[in-house]
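See structure below.
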Amino acid sequence: MNFKLLLLALLIAFQTLSIQSDSLKTTELTNVEVKVFEKSRQKLTSPDALSILTDKIISPTNGTSFVSGLNTQAGVRMEERSPGSYRIAIRGSSLRAPFGVRNIKVYWNQIPFTDAGNNTYLSLLEPDLFRQIIITKGPGGGIYGAGTGGAILFNSGFDLKNKIKFQTMYPSLGGLKTSIDINLGNAFKNHRIYASHWQQEGFRIQSAIKKQWISYEFNKSFGTSGAISLTSYYGDLAYQTPGGLTLKQYQENPKNARPAAGAFKSAVDQQATFKLKSFGIGAQISNQFNSKWGWNFINAFQYNKVENPTIRNYELRDEPNFSSRGVIHRKGIINLDAGYEWQSGQFNSQTFGNKKGIKDTLQLTQNTHLEQLTTFLQADYEINTQWILTLSGSLNTYSTQYINQETIFSPRAAIVRKLGLHQSITAKIAQGYSPPSIAEMRPSAGIINTNLKAEKGWNKEIAWKGESNDKSFNWDLTAYLFNLNETIVVRRAADGSDYFANVGETTQKGLELTTTWKAHKYLLVNNSTTWQDFRFTDYTTAGKTYNGNFLTGTSPFQNSFLIIYNHPSGFSWNQQYIFSDYLYLNDANTDQMPAYRIWNSKISYQKLNPKYGWELWFAMENILNETYSLGPDLNAAAGRYYNAAPGRNFSIGLKINTY
């Protein structure tokens, strides 16, 4: 597909239309109503633990990834092994996600972006595309399908007026990123086209990335009775994978890629690269019958084509997926939501030998079909002006030829007690269920694991939320206890391939505190602190018992501090500080990665007038040039844990807006 011709065609097709916008404020988050768990909820009275990121927080630095933005949130840890290779853990370890995002459901404009095999290619998504991200933490009773980690809801939205935005960015690591964002429409009909190209050399050897993206969104409302919307995209992504280093190699030269060792060639020799071409389209229609009844219905298709030469082999995958979701809503004394989510996918894989980046002899062919179905019912009852009760339950089934079909019922119950107009206390209990993903049943080791079982567990939490009388300060303090059975962990062979196993039980205790302070009309201060005590409680393997050990890859303490200063003159400044405490790199807790401290900063100046505007910005990351690994390879053979993050680096960018 010729990317430039496609972009030109879309620009010509929609150049005559006009625009509307629906931007979000960056302050007073407790008063912002968000669509989550099939309800319009305010954070103060929500029965669930939520994080809400606006556009200023999604990308506080250079806008090439979600790492710096998501890591401002309590209980959330986003890791980067190399540019494009991301992991996310919400209230837990990324043990199940050596090369991607798992055990977390991701939605874009309410449409499932996570496929039927429970894999999410998050590296495709563009930070500048989104106006809002909502993160739900912990099990949700199946409202967002099977999962124990939570869900991430990406919302892109439209601008309030006719607008074309062009941006170009040059990083010190080499390459450039350029994008164009076109919003067109009127009060009842909106179009948005976003296209970008990003190419970067990378900090380490064999860590370059190249990504091309184009998306088209459409929304048409029918007064107050309903709406129809369309979300579509095409992405072409390729990023090199340098591989993990031993501690000695990491200390000698953290920029190096994994060298050759014994019978295994180096990452450079094998041209280790992850290549993905992805297309998706989803349509949503909603309607309000009357003052009591309404419904919404979604159908979506996604096709992923993967080409992945690694140190040990060369894999080709074709993954067409279909998703359908529908919900009926009823307003009354008891508000009800009843719905389903069904996903079906075909996962075809061929594994070849890798002869210095070229496909060699066919070694293995594995094709399977996978389906999962969730049906759910949710009830909200406002007992009186002070008490709100929420009950929900879901029936979840997951079927594939690799493992026996399971049917699990997941309940959720929560009660909110309002304490006047500005505070509330919430108590909640929910059961989580997370089946193994297709990549865990069919890992890169090439051996199908038919013995894997779904993770299951109960989460109990209590939260205190509030805001000052003048709404300049708000807080969210949550304590939780999550007991997880059949915990899935990763193992790695000497050649770097991975395989997975259930290890018994873990106990995960945590405390999260988020505060937002509007210190001045121009100054906003966000602080997020996470305390975690995650341990194996029933884990014996190969004659060794790890009971009482810390859960691999989890840090006992994390803190993020973000200052956002916006002056009416057009000057703005973002200052970010991230601290992550030590973590253990293997289940035996014999190898430990030390704590690290990261400072990031961005300054910008913008000038606006009725016809056009411009903004010039400069960002610097890792200002103190700390040597650290942002995405270690857990349980790696021969101690190859370390993937060095970039040292001190900066970016300069220019935005031009026309109205």
Side-chain angles (χ1 to χ4, degrees), residues 20-22 24 31-48 50 52 105 107-113 131-132 134 136 140-145 151 153-158 185-190 192 217-231 281-300 322-343 373-383 385 388-396 410-414 416:
Q20 173 182 358
S21 162
D22 188 19
L24 292 166
N31 290 328
V32 174
E33 269 200 347
V34 294
K35 179 71 178 296
V36 63
F37 287 99
E38 296 300 331
K39 295 288 186 188
S40 293
R41 302 182 187 271
Q42 290 187 352
K43 189 175 181 182
L44 187 63
T45 55
S46 169
D48 301 285
L50 304 177
I52 304 171
K105 295 296 290 287
Y107 294 78
W108 175 12
N109 294 340
Q110 305 297 318
I111 298 170
F113 192 74
R131 313 296 170 83
Q132 182 192 69
I134 304 168
T136 74
I143 304 298
Y144 290 117
L153 315 180
F154 289 85
N155 298 314
S156 42
F158 299 90
N186 55 47
F188 301 99
K189 185 167 64 175
N190 309 90
R192 185 181 180 194
E217 298 170 72
F218 168 78
N219 182 75
K220 180 176 175 58
S221 61
F222 304 97
T224 58
S225 62
I228 185 170
S229 63
L230 176 75
T231 301
I281 184 168
Q284 179 175 189
I285 185 168
S286 60
N287 192 35
Q288 190 76 29
F289 292 130
N290 51 44
S291 61
K292 291 187 176 181
W293 290 93
W295 59 272
N296 58 278
F297 179 69
I298 294 170
N299 272 341
F322 179 78
S323 300
S324 182
R325 182 179 175 92
V327 186
I328 296 174
H329 312 277
R330 187 187 187 281
K331 293 182 179 179
I333 297 176
I334 298 177
N335 296 320
L336 297 174
D337 305 285
Y340 75 93
E341 182 174 297
W342 175 68
Q343 291 188 290
L373 172 66
T374 295
T375 55
F376 58 85
L377 176 66
Q378 176 178 246
D380 285 272
Y381 176 47
E382 190 166 344
I383 301 170
T385 57
I388 303 172
L389 176 66
T390 298
L391 298 173
S392 70
S394 67
L395 198 63
N396 306 276
S410 296
R412 159 175 159 261
V416 178

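We number each residue from 1, following the sequence as shown.
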Exercise. So with a 6.0 Å cut-off around CG of Leu391, is the heavy-atom count from everything else above 12?
Worked result: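 Atom CG in Leu391 is packed in, count exceeds 12.
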
Problem set entry | Verdict with reasoning, Gln378 to Arg412, per side-chain contact (heavy atoms from CB on, under 4.5 Å) | CA-CA 9 Å; Gln378 176 178 246; Arg412 159 175 159 261; 3.0 Å; yes

For [X], enumerate each residue passing the side-chain contact (heavy atoms from CB on, under 4.5 Å) test, keeping only those at least two apart in sequence or located in another chain.
| X | answer |
| --- | --- |
| Ser46 | Arg41, Asp48, Leu50, Lys465 |
| Phe322 | Asn299, Ser324, Trp342 |
| Thr231 | Trp108, Asn109, Ile111, Glu217 |
| Asn335 | Lys39, Lys331, Asp380 |

Exercise. With respect to Gln110, which candidate in Asn155, Asn296, Val327, Val36 satisfies the side-chain contact (heavy atoms from CB on, under 4.5 Å) definition?
Worked result: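 One option only clears the test, and that one is Asn155.
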
For this session: Mind checking side-chain hydrogen bond (donor to acceptor under 3.5 Å, both in side chains) for Gln343 and listing every partner two or more places apart, or none if nothing turns up?
Result: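 For Gln343, the residues satisfying side-chain hydrogen bond (donor to acceptor under 3.5 Å, both in side chains) (neighbours in sequence not counted) are Ser323.
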
For this session: Spell out, as yes or no, whether a donor-acceptor pair under 3.5 Å connects the side chain of Gln288 to the backbone of Asn290.
Result: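 Present.
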
Exercise. Is Arg192 reaching over with its side chain to a backbone N or O of Ser156, donor-acceptor style, under 3.5 angstrom?
Worked result: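 Looks like yes, one N/O pair under 3.5 Å.
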
For this session: Decide yes or no for Leu153 and Tyr144: does some side-chain heavy atom of the first lie under 4.5 Å from some side-chain heavy atom of the second?
Result: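 Yes, side chains in contact.
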
Exercise. Considering residues at least two apart in sequence or located in another chain, which fulfil the ring-ring contact (aromatic ring centres under 6.0 Å, His included) criterion with Phe154?
Worked result: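 Residues passing ring-ring contact (aromatic ring centres under 6.0 Å, His included) with Phe154: Phe66, Phe130.
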
